Amino acid sequence: LATLGPADRVGLVSYPQTGIFIAPTTDRAVVERELGRVTGTAVRPTADGRPFVSIAESAAIREGDQFTLDRVRARECAGLPPTMVQACVDHIQMVARERVTEAQEQASQSLRGLGDVLDRLGALPGRKVMVLISGGLVTSLTRSGESSSTLLAQIASRAAGGVVWV
């Protein structure tokens, strides 16, 4: 922010959930203050007895990767009596399906939110630069089955008339 020219305007939008919206302004102090309030939406593992399965592991398990399932089983079902191992594996598979579904929904919400931001930017006159700060976006498939990377590029070029490298 400190390197922007005095006439340059800067805004701030947090998404996918609504929260912070600052229309483009030359008041850097308000943007800097609100930027400190932005928080992510990452899901943290809990101690509720559910096995921890990462999103990468979840996607692999859902696609039938037996090596990954065996690795997660060895980690998450260790110490269980043999009669409980199959129930543990079933639970891992259920958690994996849930994680993938949640990640797909979050990717769809994020893309819709980004599309809304870019639509607003597209309506403003002049050259625009958007800085996207993100912990990442699952770019496999959205719930509609379309590639997130392709959708992101389409949204960006349609709304802002620019080029986006994904």
Side-chain angles (χ1 to χ4, degrees), residues 11-22 31 33-122 129-160 162-166:
L12 178 64
V13 178
S14 65
Y15 78 95
Q17 70 274 20
T18 57
I20 300 171
F21 174 80
I22 300 172
V31 174
R33 181 180 63 246
E34 292 302 308
L35 188 56
R37 291 185 43 226
V38 174
T39 59
T41 60
V43 176
R44 304 272 183 237
T46 62
D48 63 359
R50 291 174 47 133
F52 176 74
V53 187
S54 74
I55 188 60
E57 290 170 333
S58 296
I61 290 168
R62 194 180 91 158
E63 295 298 317
D65 183 335
Q66 190 62 45
F67 176 78
T68 302
L69 179 58
D70 290 344
R71 188 178 66 225
V72 174
R73 179 196 45 76
R75 180 185 72 225
E76 297 298 324
C77 305
L80 289 178
T83 57
M84 298 294 295
V85 172
Q86 186 57 50
C88 180
V89 169
D90 292 345
H91 199 182
I92 289 168
Q93 290 174 317
M94 180 192 72
V95 168
R97 285 189 304 271
E98 289 173 356
R99 296 269 344 256
V100 169
T101 299
E102 290 166 3
Q104 289 172 328
E105 183 57 36
Q106 186 174 24
S108 293
Q109 288 177 359
S110 293
L111 288 170
R112 284 192 301 271
L114 184 57
D116 292 346
V117 169
L118 290 170
D119 285 342
R120 288 182 178 207
L121 279 177
V129 174
M130 184 175 104
V131 177
L132 177 64
I133 301 170
S134 172
L137 180 67
V138 176
T139 58
S140 57
L141 297 176
T142 62
R143 290 199 69 167
S144 63
E146 299 170 277
S147 164
S148 298
S149 298
T150 301
L151 285 174
L152 179 58
Q154 289 171 350
I155 289 168
S157 63
R158 179 197 82 227
V163 176
V164 173
W165 296 93
V166 181

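These numbers come from a predicted model, not from an experiment.
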(message) How close do Leu12 and Leu35 get, counting heavy atoms only, and between which atoms?
(response) CD2-N, 3.6 Å
(message) Determine whether a donor-acceptor pair (N or O, by modelled atom type, separation under 3.5 Å) exists between the side chain of Arg62 and the backbone of Val100.
(response) no
(message) As an exercise, state the distance from CD of Glu34 to CZ of Arg37, rounded to the nearest 0.5 Å.
(response) 4.5 Å
(request) Sequence neighbours left out, what passes side-chain hydrogen bond (donor to acceptor under 3.5 Å, both in side chains) with Arg71? Give chain and number order. (result) none
(message) To the closest 0.5 Å, what do you measure between CD1 (Ile55) and CD (Gln104)?
(response) 8.0 Å
Could you give the side-chain donor-acceptor pairs of residues 77-90 under 3.5 Å, partners two or more places apart or in another chain?
residue : atom : partner : partner atom : Å
Gln86   : NE2  : Asp90   : OD1          : 2.8

(message) Measuring from atom CD of Gln93 to atom CZ of Arg73, what distance do you get when rounded to the nearest 0.5 angstrom?
(response) 11.5 Å
(message) Minimum heavy-atom separation for Val72 and Phe52, please, with both atom names.
(response) CG1-O, 4.4 Å
(request) Drop me the distance from Arg75's CZ to Glu57's CD, to the nearest 0.5 angstrom. (result) 4.0 Å
